[in-house]
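Atoms within a ligand are numbered from 1 in the order they appear, just like the ligands themselves.
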Amino acid sequence: MGGTGGIGGMTAVAESEALATLHRVFGYDSFRGEQEAVIEHVVAGEDAVVLMPTGGGKSLCYQIPSLVRPGTGVVVSPLIALMQDQADALRALGARAGFMNSTQDFDERRVVEAEFLAGELDLLYLAPERLRLDTTLDLLSRGKIAVFAIDEAHCVSQWGHDFRPDYLALSLLGERWPDVPRIALTATATHATHQEITQRLKMPTARHFVASFDRPNIQYRIVPKADPKKQLLSFLREEHAGDAGIVYCLSRKSVESTAEFLSRNGIEAVPYHAGLDAGTRAAHQSRFLREDGLVVVATIAFGMGIDKPDVRFVAHLDLPKSVEGYYQETGRAGRDGLPSTAWMAYGLNDVIQQRKLIQSGEGDEAFRRRAAAHLDSMLALCETAQCRRGQLLAYFGQDPDPAGCGNCDTCLTPPETWDGTVAAQKVLSTVVRLQRERGQKFGAVQIVDILLGKRTGKVIQFDHDQLSVFGIGEELSEAEWRGVVRQLLAQGLLAVEGEYGTLVLTEASGAVLRREREVPLRKEPKKPAPARTTSSSSGRGDRKPKAAVAELPESLLPAFEALRAWRAEQAREQGVPAYVIFHDATLREIVTVWPTSVRGLGGISGVGEKKLTTYGEGVIAVLAALEGGGPGLEGGAPGTAPVVAGATGDDDQWPEMDAEPEPDGWM
Ligand code: ADP
Ligand code: ZN
């Protein structure tokens with residue numbers, strides 16, 4: 001196989017088989033980051049443990065060895081519902097992929113078994129619970145295995161949130177097939193999980209590859225929570241109209257009500273949580289993968305293994321329990337490398353609720369301490385006045401850029417800080433007075449009402465207007481006081497107690513009251529960004545992807561839209577997600593380069609051999625049908641919707657093309 005740069009074997013440097021496969025099958029120019037090292041290592045027959053962030057490109061790390069080494073790559077994945085899509089995506093690339101799981105009937109499974117035994121599969125996907133069955137192990141022993149890939153390997157960790165007992169049985173693979181290389185992959189990055197994977201999967205000699213965890217195309221933003229649903233709505237309308245995305249909420253109830261709220265306001269959204277029946281869940285997940293621009297509102301039950309590349313935003317309406325969880329969830333945005341947003345609304349009640357959950361939750365003292373430490377790191381991220389990405393990377397043991405990332409809210413609009421020592425003392429003294437003078441404990445609302453001198457029913461009922469601290473805080477607004485309380489909680493200068501979330505002092509509070517310690521605080525924005533009332537034109541049928549085309553010149557938008565329409569049609573006909581045909585990033589490059597022949601199309605990233613043969617003519621016809629389209633050509637009135645031949649499936653009216661792809665050097 002020749003390289004992309006050479007003709008008929010005239011390449012200067014002999015290309016490795018792995019690189020040739022990358023070009024030919026996947027249509028990509030070069031490996032990313034650690035991919036090449038990992039793939040070479042595994043192709044050579046060695047074990048590997050791979051830590052890469054979501055979207056980092058883990059799949060190629062086992063797919064290419066499976067294609068290059070003799071035999072079938074056996075991929076262990078916990079995600080039965082996604083196996084069909086994974087296999088479809090590989091088949092669309094011309095790879096021979098199959099899966100065996102409980103969604104198939106006996107006959108379907110028999111076909112796959114036969115294909116495997118006949119050496120006709122490049123990749124075979126299996127769930128761990130199936131793999132460990134004697135019948136499966138027996139089947140595998142009768143065929144040839146190229147590599148074992150253990151995806152989502154953090155599921156082996158008993159402490160993690162995704163623990164799958166069946167993963168523990170995977171340690172037998174090394175014993176039973178000592179000569180078959182194993183590669184374990186995960187996006188979870190902490191050292192502890194890392195150790196556990198190595199030990200429990202019995203891979204002591206595996207080489208470890210740790211990729212950079214930076215995801216520069218994701219913009220990180222955390223905003224103060226005021227009216228979260230409305231804030232979410234304006235965020236979506238202003239920045240992500242028509243985009244696909246995930247909204248995470250903590251409870252099933254808020255998942256339901258948020259999905260309903262968005263739908264009522266013209267943003268098509270479906271709920272997903274463990275309380276829905278399996279059929280509904282599968283249907284919603286499938287719609288998310290297949291449709292352009294659907295929003296899924298979900299608990300954390302949703303998302304693992306979702307490899308939809310064009311998720312343009314991940315929004316959190318509630319505080320995640322740990323930085324790891326948060327980073328995994330936000331990492332589901334922008335796998336295609338295009339600009340994406342991780343947006344979170346965070347407020348005082350989040351802190352109180354999470355602290356309460358930990359206290360009243362199950363588990364022993366050690367478990368509670370661990371949970372509290374996780375929460376503290378999450379709160380530090382929310383309250384930081386420094387670069388958010390810097391803080392995230394540091395959390396994962398990476399050195400951040402001291403100059404900041406330039407793509408997070410604190411870098412874009414540096415927050416002001418102020419000396420909150422006196423304000424902190426006022427809050428703490430109020431808590432002290434209530435307890436010492438009255439023997440009472442109250443929550444944040446009452447404390448703030450007292451400071452503001454509000455004579456509410458509850459203030460009068462308890463005579464709190466008689467306290468000496470009553471009304472001593474009129475210099476700050478209610479939102480600002482809530483901000484002070486929130487930050488004191490986050491900094492551990494105040495604690496939450498009991499089921500009502502009453503506020504109590506901590507050991508560290510004393511130093512503040514005695515003026516031995518200063519309390520720098522982040523300034524609360526005077527008022528949160530107003531929920532702009534736009535007409536709900538962004539309703540159904542008008543799903544224009546805003547972020548995905550942010551950097552495309554206006555004149556190319558009609559072509560991009562036309563290609564998307566063509567792609568949607570193809571996807572519908574074949575019953576596969578649109579991204580299985582081409583990613584948005586590939587469509588963008590196509591309209592930018594504007595190839596006029598099938599051969600020219602072959603040079604575009606993401607267009608491999610199989611896709612060129614299958615879709616080459618179709619794409620060129622769409623471009624050709626666009627009047628005055630190409631870059632630099634005047635006349636294509638921007639904004640006018642193009643009429644696309646072929647979108648109706650009427651092949652006959654397509655112009656004649658040089659249909660035979662004439663590849664140079666890649667046959
Ligand atoms: P992960 O499994 O680590 O979350 P994926 O394997 O799904 O990530 O890859 C993320 C995205 O990056 C996919 O859309 C994939 O096609 C793309 N990708 C991976 N490797 C390359 C590469 N070398 N060149 C271009 N695109 C790549
Ligand atoms: Zn930054």
What's the SG-the Zn ion (ligand 2)-SG angle here (Cys405, Cys387), rounded to 10 degrees? 100°
Where the Zn ion (ligand 2) is the vertex, angle from Cys408 SG to Cys411 SG to 10°: 100°
Measure the distances from the heavy atoms of Thr54 to every atom of ligand 1 and state whether one is below 4.0 angstrom. yes
Tell me, which protein residue and heavy-atom name are nearest [atom], and how many Å apart are they?
atom: atom 20 (N) of ligand 1; result: Gln35 NE2, 2.9 Å
atom: atom 4 (O) of ligand 1; result: Gly55 N, 2.5 Å
atom: atom 16 (O) of ligand 1; result: Tyr28 OH, 2.5 Å
atom: atom 6 (O) of ligand 1; result: Ser59 OG, 2.6 Å

Between Arg335, Gln86, His583, which one has a non-hydrogen atom sitting closest to atom 7 (O) of ligand 1? Arg335
Nearest option to atom 8 (O) of ligand 1, as decided by whichever heavy atom of Gly57, Gly33, Gly337, Pro53 sits closest: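 Selected option, by shortest heavy-atom distance: Gly57.
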Within the distance-only criterion (no hydrogens, no angle test), does the side chain of Arg91 pair as donor or acceptor with the backbone N or O of Ala97 below 3.5 angstrom?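 The answer is yes, because a donor-acceptor pair under 3.5 Å joins these two groups.
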Output field: ring centroids [X]/[Y] closer than 6.0 Å:
X: Tyr395; Y: Tyr327; answer: no
X: Phe313; Y: His240; answer: yes
X: Phe302; Y: His284; answer: no

Evaluate Arg388 against Asp409 for salt bridge (charged side-chain N to carboxylate O under 4.0 Å, His left out), listing each step before the verdict. CA-CA 8 Å; Arg388 303 244 196 237; Asp409 52 358; 2.9 Å; yes
Within-cut-off N or O pair, [X] and ligand 1, under 3.5 Å:
X: Ser605; answer: no
X: Leu60; answer: no
X: Arg32; answer: yes
X: Ser30; answer: yes

Validation row: Lys611, Thr586 side chains within 4.5 angstrom (heavy atoms):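 They are not in side-chain contact.
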Within the structure provided, determine whether Asp88 and Gln84 are in side-chain contact (heavy-atom separation under 4.5 Å). yes
Can you tell which part of Phe31 has a heavy atom less than 4.0 Å from ligand 1: side chain, backbone, both or neither? backbone
Where does Met52 meet ligand 1, judged by heavy-atom distances below 4.0 Å: at the side chain, the backbone, both, or neither? neither
Measuring from atom [atom1] of [X] to atom [atom2] of [Y], what distance do you get when rounded to the nearest 0.5 angstrom?
X: Glu152; Y: Lys58; atom1: CD; atom2: NZ; value: 7.5 Å
X: Leu131; Y: Met100; atom1: CG; atom2: CE; value: 8.5 Å
X: Glu383; Y: Gln491; atom1: CD; atom2: CD; value: 7.5 Å

